[in-house]
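In each ligand, atom 1 is the first atom listed, and ligand 1 is the first ligand listed. This one's a predicted model, so the numbers in the text were calculated from it and none came from an experiment.
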Amino acid sequence: MTSADCVVAGCRELLTCAGPLPKRGRALRDVGLVENGWVASSKGVIVFAGTEDEFLARISPEPGAVTLDGRGMVALPGFVDAHTHLPFAGDRAREFGLRIQGWTYQQLAERGLGIQTTVKATRAASLDDLLALCLRRLDRMLLTGTTTVEAKSGYGLNLEDEVKQLEALRDLAALHPADIVPTFMGAHDVPPEYRDRREEYVRLLVDTLIPEVSKLGLAEFFDIFCEPGVFSIEETRTLVQAAKAAGFKIKVHADEFVALGGAELAAEVGAASAEHLIAVSDEGIARLAASDTAAILLPGVSFFLMLDKRAPARRLIDAGAAVALATDFNPGSSHLSSMPFVLELGVFTLGMTVEEAINACTGNAAYALGRHNTVGSLEPGKKMDLLLCDIPDHVSLAYEAGRNPVRTVIKNGRVVVEDGRRAGPR
Ligand code: NIG
Ligand code: FE
């Protein structure tokens, strides 16, 4: 018998989302559904996920083991949000007002607003300010089931302020149960002081920022906004080569508004992921499908910017790309942080099935971050990151639209959300 210190008993539906990961094509529809499913863990690591009979034959709960009643509930892996701009200061509510009156995101950017507004506020904030903001946001994310969060800098755009954002992410590890995956995004935009000499900013990134951040060990990924008016394909190639040489894994904001070829480039350079892809070309779809580069779709952006255009999720999935979903939480183009809402957007606006959207928010999202050996599915050996939702079946994750179904969140085998409220260790 295997002993366990945490047991989730008798779930009406257990979705293990078990691999192999990533899931492509038809496999993306398999959520590993077990009726009357049980899960057990020891010291934060899953030792069992399966049927009641198997549980009774193989698992022996320790005296005093935490036992949660899953009756009437749907259990699934904690959500992995593979793309957020978490550590920013300020807000853009006033600019949102302008957008409602018809201004576009690009028009705001051309007038020095948009990302630059947030750069000003973030530069003015202290490390402690950023930490406090991040903690509140992570708590909110935890309440909607996010247990692993990729988070990027990119509102400092100079060494000191990029490092400040990344230090906030580093310090969160000791203060919050969510796992943080840090990304350096000094190539989010060209800062105002370099507007008329952009090549110098590219040089600064190559010669100073990329090597310094690498030396400090503050980020695992390098990300870049490859888009007309931001960084060109050639600049992206230069910066990605420098980042790879400095030991970073690569993420690319690709083909968000214009089909520039960012997806093709991401596949070519072996990026971990290409994200957005609202305007991706047929060639880009084919290249991603034939590669290990994940396609992270961010349907919150089309929603929040009120765009008619959406990422071609169906074509990407049917071509065989490793599709994931994420929030893109940021103050300008997607001011939302709920993965259940993103899951719904995947279904309602991208034509994904509920099962595809569930895998895209869990196992495939973990794959996109290179974390699929530890999170993203409920399988022995992985972290006990589990959600209990009070819905009659998994289809209701989308069908009960606009509602947060998450009642209990277990992170590393500890209850951190109970009855829909933040609980346990801070
Ligand atoms: O992913 N596309 C670039 N960056 C963000 C937006 C950031 C912002 O507007 O502050 C995005 O959409
Ligand atoms: Fe983004």
What distance separates Gln116 CD from Asp189 CG, expressed to the nearest 0.5 Å? 4.5 Å
Taken to the nearest 0.5 Å, the spacing of Ser334 OG from Leu305 CG works out to 8.0 Å
In Å, rounded to the nearest 0.5 Å, how long is the span from CE of Met384 to OG1 of Thr147? 12.0 Å
Atoms of protein origin (N, O or S) under 2.8 Å from the Fe ion (ligand 2): His83 NE2, His85 NE2, His253 NE2, Asp328 OD1
Mind checking whether His276 and His83 have parallel, tilted or perpendicular rings, split at 30° and 60°? perpendicular
With under 30° as parallel and over 60° as perpendicular, where do the rings of Phe304 and His335 fit, or are they tilted in between? perpendicular
Is it the case that the side chains of Lys309 and Ser302 hold a donor-acceptor pair, with the cut-off being a distance below 3.5 Å and no angle test? no
Under 3.5 Å, is there a donor on one side chain and an acceptor on the other for Glu379 and Ser377? yes
Electrostatic pair Glu95-Arg99, nearest N-O below 4.0 angstrom: no
Rounded to the nearest 0.5 Å, how far does OH of Tyr155 lie from CG of Asp161? 14.0 Å
Mind jotting down which protein residues get a heavy-atom contact under 4.0 Å with ligand 1? Chain and number order, please. His83, His85, Arg92, Tyr105, Ile115, Tyr155, His188, Phe225, His253, Glu256, His276, Asp328, Asn330, Gly332, Ser333
